[in-house]
Enquirer: 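I have a structure I would like to understand better, so I am pasting it below and will then ask my questions one at a time.
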Protein chains: 2
Amino acid sequence: MGQEKGADDFAREDSLESLLGYQLKHLQSALRSKMDETLRPLELTTPQYNCLEQLRRRPGASNSELARGAFVTRQTMNTLLRGLQERGLIERPATAESGRILPTLLTSAGVEVLDQAISRVEAVSARMVSPLDDETQAMVTEALGLCIAALEEPENR
Amino acid sequence: MGQEKGADDFAREDSLESLLGYQLKHLQSALRSKMDETLRPLELTTPQYNCLEQLRRRPGASNSELARGAFVTRQTMNTLLRGLQERGLIERPATAESGRILPTLLTSAGVEVLDQAISRVEAVSARMVSPLDDETQAMVTEALGLCIAALEEPENR
DNA sequence: TACAGTATGTCAGAATACTTACATGGGTCA
DNA sequence: TGACCCATGTAAGTATTCTGACATACTGTA
C-alpha cells in the first residue's frame, strides 16, 4: 500500500479506500442504488420501503417514532407517510384518541407489497454480504455498532 | 429458495442492530451529523468538504471526476463547485483549452480552509474508530470494500 | 393545582440533489 | 473522411429533505 505521493504532504495511510468514512459512504451509495433499482418495479423508493419495514416491526408506531428509526426528521417522515397513505398501503386514524399520536398500521395491501419488497431487498442484501462469512459479517456489524456508540455518546460537553 | 418464516413472521436474527444495512445507515447518519456540526464554524457543509478534499488528492480534476468520487451527479457537483468558486476557495478556467473539461484547483484560501477542516474532521473520524484497534479497523474497511465490489460487479445481466 | 420542560403533529419556506434534456468535444471504426 | 458512440458541461424542472415555527398534549415538580 505504498504510494508515498512525495510532493507536498501527508505521506499517511490515506489511500482513500483505507478510510472507513469513505468506504462507508461508498457502500451506502451503492446499496441505495441497488435498492432503488430492485424496488422500482413495485413503485417503492428506499425510504418508503424502510418506512413500511419499520411498521412491520412496530405496528402502531407514531410518526416521530418512525422518523427516529429511519434517521430522518418528523416532517420528512410525515410526507412519506402521506404518500403511502394515499396509495392505501398504510392507515392511521384521522384524529388522535389520546394525545396527539396517530398510530400507524399497515393495510393488507401494504403487507402484500411489503412482502414482495422484502424478498427483493433481501436478495440485494444477500449479495452485498456474500463475500463475508457469517463470523466476519457479525464482527463487522458489531464494529459498526461500536463506532455508532462512540460517535453518539454525550461525551463531556 | 426458503423463506417459510412460519405463521406471522421471521423469528430470525433480525434484531435490527444485527442487520448490516441498518447499521450502515445509522452510522452514516451519525457521521454526517457530527461532520456537519464540526464544519459549521468554517461555514462548510460535508459535501463541500468532500469536494475540497478530493481536490487536494487530485488537483486539476474535472467536474465529472469529482462527482464520481463524491457519489453525486455531475449537476450536483457543478452547483457545489460554483458555490466554492464564489467564495474563492477553488478556481477553474472560464473556458476549456482542450476538450470541454475545466480543470479545477484549490486556491490558497481554499487550502487554508481545508487544512482547518481536515483537522476537525479527523478528530471526528478518530472518535468514530476509537473503539476499534488497528487490526479490526483494517478488517472492517476491507470487508466493506468486498461488499462494495459484490454489489457493483456487473454480474450477468 | 399551576408551571416549566419536553414531545408530537403539522405548515411553510429554503436547501439540496436528482431527472431529463441538449450542445459540444473526443474517440473508434468502417 | 464520415458515422456512430460515449463523455463532458450545463440548463431547467422536479423531487426530496431539511430548518424554522407554531399549537397542542403529556410529564414531573413545587
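Keep in mind that the numbers below use all heavy atoms, side chains included, and drop hydrogens, waters and symmetry copies. Reminder, nothing fancy here: chain letters follow the sequence lines and each chain counts from 1.
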Enquirer: When you measure from the side chain of B/Ser130 to the backbone N and O of B/Arg127, does any donor-acceptor pair fall under 3.5 Å?
Expert: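 Looks like yes, one N/O pair under 3.5 Å.
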Enquirer: Do A/Asp36 and A/Arg32 meet the salt-bridge criterion of a basic N to acidic O distance under 4.0 Å?
Expert: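 A salt bridge is present here (some side-chain N lies under 4.0 Å from a carboxylate O).
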Enquirer: If you check the B/Val72 side chain, which of C/dC18, C/dT8, D/dG9 turns out closest?
Expert: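 The answer is C/dC18, which lies nearest to the side chain.
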Enquirer: When you check the phosphate oxygens OP1 and OP2 of C/dC18, does a side-chain N or O of A/Arg32 lie under 4.0 Å from one of them?
Expert: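 Checking A/Arg32 against C/dC18: no side-chain N or O falls below 4.0 Å of OP1 or OP2.
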Enquirer: When the distance from CG of B/Asn78 to P of C/dT16 is rounded to whole Å, what number comes out?
Expert: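 Answer to the nearest Å: 15 Å.
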Enquirer: Rounded off to whole Å, could you give me the CG-to-P distance for the B/Leu81 and C/dT16 pair?
Expert: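 Taking CG of B/Leu81 and P of C/dT16, I get 14 Å after rounding.
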Enquirer: For C/dT19, take OP1 and OP2 only and decide whether either is under 4.0 Å from a side-chain N or O of A/Arg40.
Expert: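 Negative; the distance criterion is not met.
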Enquirer: In whole Å, I'd like the distance from the OH atom of B/Tyr49 to the P atom of C/dT16.
Expert: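 Checked: the OH to P distance equals 19 Å.
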Enquirer: Reckon A/Thr76 touches a base, only the sugar-phosphate, or nothing at all at heavy-atom distances under 4.0 Å?
Expert: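 Base, at least one base heavy atom under 4.0 Å.
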Enquirer: In whole angstroms, how far is the P atom of D/dT16 from the CE atom of A/Met77?
Expert: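 Taking atom P of D/dT16 as the reference, CE of A/Met77 is at 14 Å.
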Enquirer: Can you tell me how far P of C/dG26 sits from CD1 of B/Ile101, to the nearest Å?
Expert: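 One finds 10 Å between P of C/dG26 and CD1 of B/Ile101, rounded.
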Enquirer: For the pair A/Thr104 (side chain) and A/Ser62 (backbone), establish whether a donor and an acceptor sit closer than 3.5 Å, ignoring hydrogens and angles.
Expert: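 A pair under 3.5 Å: no.
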Enquirer: Just the rounded figure in Å: distance from P of C/dC18 to CG of B/Leu80.
Expert: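 To the nearest whole Å, that distance equals 11 Å.
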Enquirer: Separation of B/Arg74 atom CZ from C/dT20 atom P, in whole Å?
Expert: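 Rounded to the whole Å, the gap is 13 Å.
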Enquirer: Tell me whether B/Glu53 is salt-bridged to B/Arg57, with the criterion being a basic N under 4.0 Å from an acidic carboxylate O.
Expert: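 The answer is yes: the pair qualifies as a salt bridge.
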Enquirer: So does B/Arg92 get a side-chain nitrogen or oxygen closer than 4.0 Å to the phosphate oxygens (OP1/OP2) of D/dT10?
Expert: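 Yes, such a contact exists.
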Enquirer: Under 4.0 Å between a side-chain N/O of B/Arg82 and OP1 or OP2 of D/dG9, yes or no?
Expert: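 The answer is no; no side-chain N or O of B/Arg82 sits under 4.0 Å from OP1 or OP2.
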Enquirer: Rounded to whole Å, please give me the gap between CD in A/Gln75 and P in C/dG13.
Expert: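 That distance rounds to 15 Å.
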Enquirer: Determine the minimum heavy-atom distance between A/Gln54 and A/Ala70, stating which atoms define it.
Expert: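 Minimum heavy-atom separation between A/Gln54 and A/Ala70: NE2-N, 3.9 Å.
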Enquirer: Tell me what B/Ser62 touches on the nucleic acid: a base, only sugar-phosphate, or nothing, going by heavy atoms under 4.0 Å.
Expert: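 Answer is sugar-phosphate: B/Ser62 comes under 4.0 Å of backbone atoms only.
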Enquirer: Does B/Ser64 put a side-chain nitrogen or oxygen below 4.0 Å from OP1 or OP2 of D/dA7?
Expert: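 For D/dA7, OP1/OP2 do not have a side-chain N/O of B/Ser64 under 4.0 Å.
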